[in-house]
Participant: 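I have a structure I would like to understand better, so I am pasting it below and will then ask my questions one at a time.
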Amino acid sequence: MRITAFLVSAAVTAVGCSSTSTPETGGAGGSNAAAITSVTFPKGFLWGSATAGFQVEKGLADTDWGAWAKIDGKIKGGDRPDDGPDAFAHVAGDLGLMKDAGLGAYRFSLELARIYPTRAAFDADDPSADGLAAYDDLMAKLRAASIVPLVTLHHFVWPTWMSDPADPKQPQGYERADAADVMTAWCARMGKRYGKDVDWWVTLNEPTVEASIGYLAGLWPPGVSDVERLVSVMKKQVELHARCYDALHAADTVDADGDGKAALVSIAKHNRVYEPADPTSEDDLAATEHSRRFWNQWFLDAIVKGDVDDNFDDAIGPGDRVGDAALKGRADYLGINYYGVSRIAANALRFPHMGVQPSQFNLQDGRPRNDLGWSIAPEGFGAVLDEVAPYGLPIVVTENGIADGTGANRSRYLLEHAFELGKAIGRGANVIGYFHWSLVDNFEWASGFCPRFGLYHVDMASPAKTRTATPTVAVLKELATTGTLAKATVDALPAYAAPTSPCASF
Ligand code: BGC
């Protein structure tokens with residue numbers, strides 16, 4: 001698959017509008033707009049699934065998450081990451097599962113701790129032969145299967161030599177003086193080794209999520225609750241990303257698919273819809289707008305425009321960085337993860353900078369929910385895509401999915417979101433790919449194995465880690481193969497069932 005082909009095709013299709021409508025029904029897109037009855041995805045659209053190393057591999061005990069998981073009470077049910085789907089033992093089989101689902105792309109992460117288990121190994125650039133062999137094998141099999149890799153270089157997890165939950169008072173991860181140097185070298189080395197296989201890179205997965213849960217909620221490593229450390233980490237993340245972006249472009253000079261572009265680099269940004277708890281309250285509305293800027297916009301403005309709202313007052317003014325050449329232009333596309341909505345009440349817990357703590361669990365908003373108590377809000381997907389479209393970059397949906405233990409709700413979730421995606425493309429959002437989270441059930445961080453996000457159910461108790469297709473596999477295959485979706489197909493699916501296997505969140 002040639003990247004320029006689908007970049008161009010996506011742009012042209014967006015102009016030509018990929019949706020069809022019947023004028024008589026009205027409704028979509030405004031009171032006078034015609035209802036959209038079907039959507040068509042651009043030629044060459046990338047359909048994929050996503051995983052992350054720590055969530056599907058095993059043998060990553062020497063990491064902050066490995067250490068965290070050993071602390072009583074940190075992981076729901078005391079689940080152990082090594083009891084997961086064991087991805088390395090199933091590479092060929094899992095690639096077959098992707099094909100069975102009609103997918104042509106796979107997002108996964110390379111783990112720093114697997115390649116450099118110790119600081120000494122990293123400093124000497126003495127990578128683990130076993131670690132490299134595992135990733136070499138995955139890359140070779142992806143190539144043989146003509147599956148496009150999209151590779152994340154940091155998905156929440158640090159080796160213990162960079163972040164140690166045993167010592168949270170000391171600077172950890174991004175806070176360490178050498179964090180940017182370490183990550184820049186990591187990006188350069190991986191770009192050099194795997195540039196022949198990979199054109200699509202993500203430096204950081206959901207940096208704002210990692211920072212806020214690790215440094216404010218304190219529910220992930222390093223287990224800190226300190227808003228000043230949170231904002232310091234966020235500023236370090238944008239700088240680290242920019243340096244990693246430059247390092248990847250310098251190191252990955254091989255155009256893996258021969259389309260003229262050797263590296264396309266971004267982050268995977270978790271963006272949500274922020275809603276006021278009380279839409280008639282001016283305080284709630286103001287807090288909601290502040291939250292939207294803080295969570296959705298702050299990071300993207302920094303790496304696309306070089307504008308950093310350093311004092312978090314929602315305006316670029318004196319003292320803020322404007323068009324910072326060290327940050328600006330460090331995204332070749334926007335990776336966007338979408339899961340849903342958060343509610344904002346101005347009188348909720350207040351923090352400097354970020355203002356209020358958003359709430360996303362068990363909202364009283366009348367929407368159906370997933371097993372984690374998150375509201376299902378497909379219309380918000382369109383809003384999030386519309387919000388980032390004006391950056392003018394191609395967009396890849398790097399994650400979207402549902403915790404659904406019975407598999408009863410996933411197909412409706414997928415098709416409702418795909419329909420909103422198609423409509424957003426019709427409105428002009430240059431979305432060129434969609435990666436469903438996740439290929440297989442996996443280790444859902446502090447929630448352990450309870451939430452089931454997989455297109456394929458994994459029997460974690462079975463020695464073979466048996467994979468079983470959920471009904472959504474056939475639905476996704478039809479979507480990815482035809483590239484079209486009729487509203488009638490979405491509407492024909494059963495209504496959402498109430499979750500029967502709820503998983504308490506953190
Ligand atoms: C993360 C994944 C996670 C998924 C579902 C995203 O925030 O990138 O690692 O499993 O959401 O919670």
Side-chain angles (χ1 to χ4, degrees), residues 48-57 60 63-66 68-69 75-76 79 81 84-85 87 106-111 150-158 202-214 216-217 219-221 237 241 266-273 295-296 299 334-342 358 360-361 369-377 380-381 384 396-405 409-410 413-414 417 434-456 458 460 499 502-506:
S49 64
T51 63
F54 192 83
Q55 295 179 269
V56 296
E57 298 172 9
L60 287 166
T63 58
D64 54 355
W65 266 98
W68 190 253
I75 309 296
K76 183 181 166 61
D79 287 345
Y106 181 43
R107 176 177 173 223
F108 60 97
S109 69
L110 300 174
E111 291 299 319
L150 189 152
V151 171
T152 310
L153 288 164
H154 178 82
H155 196 120
F156 295 159
V157 176
W158 293 97
V202 159
T203 58
L204 305 178
N205 179 69
E206 298 192 345
T208 319
V209 171
E210 181 185 355
S212 61
I213 305 183
L216 189 66
L219 296 167
W220 289 2
Q237 286 173 324
H241 161 78
S266 186
I267 58 164
K269 181 74 181 66
H270 182 124
N271 275 15
R272 308 179 66 77
V273 169
W295 298 99
N296 284 1
F299 202 103
L334 297 181
I336 299 293
N337 295 355
Y338 176 75
Y339 287 94
V341 301
S342 290
Q360 77 177 73
F361 303 106
R369 294 180 190 149
N370 76 4
D371 289 350
L372 281 159
W374 304 350
S375 291
I376 297 172
F381 192 22
V384 156
V396 175
V397 177
T398 32
E399 285 182 36
N400 173 242
I402 178 173
D404 177 18
N409 292 333
R410 185 170 290 102
Y413 179 97
L414 169 70
H417 285 74
Y434 171 92
F435 289 70
H436 194 80
W437 184 273
S438 180
L439 177 68
V440 288
D441 290 336
N442 56 55
F443 183 80
E444 177 56 26
W445 309 112
S447 301
F449 293 119
C450 181
R452 298 293 185 138
F453 278 91
L455 291 165
Y456 291 88
V458 179
M460 303 294 180
C503 306
S505 303
F506 320 115

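As the structure lists them, so they are numbered: ligands from 1, and atoms in each ligand from 1. Throughout, numbering of the chain's residues begins at 1 and tracks the sequence. Note that the structure is predicted; figures quoted are calculated from it, not measured.
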Participant: What residue and heavy atom of the protein are closest to atom 12 (O) of ligand 1, and at what distance?
Facilitator: E444 OE2, 2.5 Å

Participant: Quick one: does D64's side chain have a donor or acceptor within less than 3.5 Å of a partner on P221's backbone?
Facilitator: no

Participant: Check each atom of ligand 1 against the heavy atoms of F453 and keep those under 4.0 Å away; list them by number with element.
Facilitator: 5 (C), 12 (O)

Participant: Among Q55, E399, H270, H155, which residue places a heavy atom closest to atom 6 (C) of ligand 1?
Facilitator: E399

Participant: Below 4.0 angstrom, N of the basic side chain to O of the carboxylate: do E444 and K76 qualify?
Facilitator: no

Participant: Just to check, does F443 reach to within less than 4.0 Å of ligand 1 when the distance is taken from its heavy atoms?
Facilitator: no

Participant: Which protein heavy atom lies closest to atom 7 (O) of ligand 1, and at what distance to 0.1 Å?
Facilitator: E206 OE1, 2.5 Å

Participant: Testing the basics here: between D441 and M460, what is the closest heavy-atom pair and its distance to 0.1 Å?
Facilitator: O-CE, 3.5 Å

Participant: Is the contact between W374 and ligand 1 made by the side chain, the backbone, both, or neither, using heavy atoms and a 4.0 Å cut-off?
Facilitator: side chain

Participant: Any chance the rings of H270 and Y339 have centres within less than 6.0 Å?
Facilitator: yes

Participant: For ligand 1, is any non-hydrogen atom under 4.0 Å from N205's backbone (N, CA, C, O), its side chain (CB onward), both, or neither?
Facilitator: side chain

Participant: Would a 4.5 Å heavy-atom cut-off, applied to side chains only, mark L150 and F435 as touching?
Facilitator: yes

Participant: Considering only the protein, which heavy-atom contact is closest to atom 4 (C) of ligand 1, and what is its distance?
Facilitator: Y339 OH, 3.3 Å

Participant: List the atom of W445, the atom of W65, and the distance in Å for their closest heavy-atom pair.
Facilitator: CE3-CE2, 3.5 Å

